[in-house]
Amino acid sequence: MSDESQIEIPPSFMALYLAPGGQKPSLPRAELAARYELCEDLAQMLTDTARNMEFSLGITAADVLARCLQGLRVEPAVVTVAESTWVITRLAELLNKP
């Protein structure tokens with residue numbers, strides 16, 4: 001069994017690649033898993049940065065998340081617009097922010 005088949009992709013990420021009413025993602029499983037791992041890794045890596053921004057800049061959590069989202073969308077972007085929104089949503093979860 002390969003490692004990629006053991007990766008559990010959450011429904012919230014899978015939804016980024018489903019057509020309305022569809023059940024099959026528009027990406028092959030291996031590519032979808034790779035995109036998910038990239039986005040999850042980004043969210044995990046941003047946690048310390050986000051905490052430091054909030055503390056050192058004295059800004060709200062919402063401002064931190066907005067700045068992180070803006071940074072993810074700078075060209076050349078590593079993630080799609082939909083993925084960047086997912087990363088920020090996941091980052092908020094990791095930071096225990098609504």
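In what follows, every heavy atom counts, from backbone to side chain, and hydrogens, waters and symmetry copies are set aside.
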With a cut-off of 3.5 Å and sequence neighbours excluded, list every side-chain donor-acceptor pair involving residues 87-95.
unit_1	atom_1	unit_2	atom_2	d
T89	OG1	T85	O	2.9
R90	NE	E40	OE1	2.9
R90	NE	E40	OE2	3.3
R90	NH1	E93	OE1	3.2
R90	NH2	E40	OE2	3.2

Show the atom names and distances, to 0.1 Å, of all donor-acceptor pairs under 3.5 Å that link a side chain in residues 11-26 to residues at least two apart or in another chain.
unit_1	atom_1	unit_2	atom_2	d
S12	OG	W86	NE1	2.9
Y17	OH	E83	OE2	2.3
S26	OG	Y17	O	3.4

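When the side chains of ILVMFWY residues are joined at heavy-atom separations under 4.5 Å, either directly or via intervening members, V79 and V81 end up in two distinct hydrophobic clusters.
Sorted by first and then second residue, the pairs that involve residues 52-64 and meet side chain to side chain donor-acceptor pair (under 3.5 Å), not counting sequence neighbours, are T60-D63. The ring pair (Phe, Tyr, Trp, His ring centres under 6.0 Å) pairs that include a residue from residues 41-61 number zero, where partners must be two or more places apart or lie in different chains.
Annotation for Q70: atom CD does not count as buried by contact number, only 12 or fewer foreign heavy atoms lying within 6.0 Å.
Here the shortest heavy-atom pairing between L27 and R35 reads CD1-CG, 4.0 Å.
Counting heavy atoms from C-beta on, the side chains of V78 and L72 never come closer than 4.5 Å.
Under a 4.5 Å side-chain heavy-atom cut-off, the cluster of Ile, Leu, Val, Met, Phe, Trp and Tyr residues that includes I59 is completed by M53, L57, V64.
Taking E37 as the reference, nothing meets the salt bridge (Lys or Arg N to Asp or Glu O under 4.0 Å) condition, with sequence neighbours excluded.
Atom SG of C68 sits about 5.0 Å away from atom CG of L46, to the nearest 0.5 Å.
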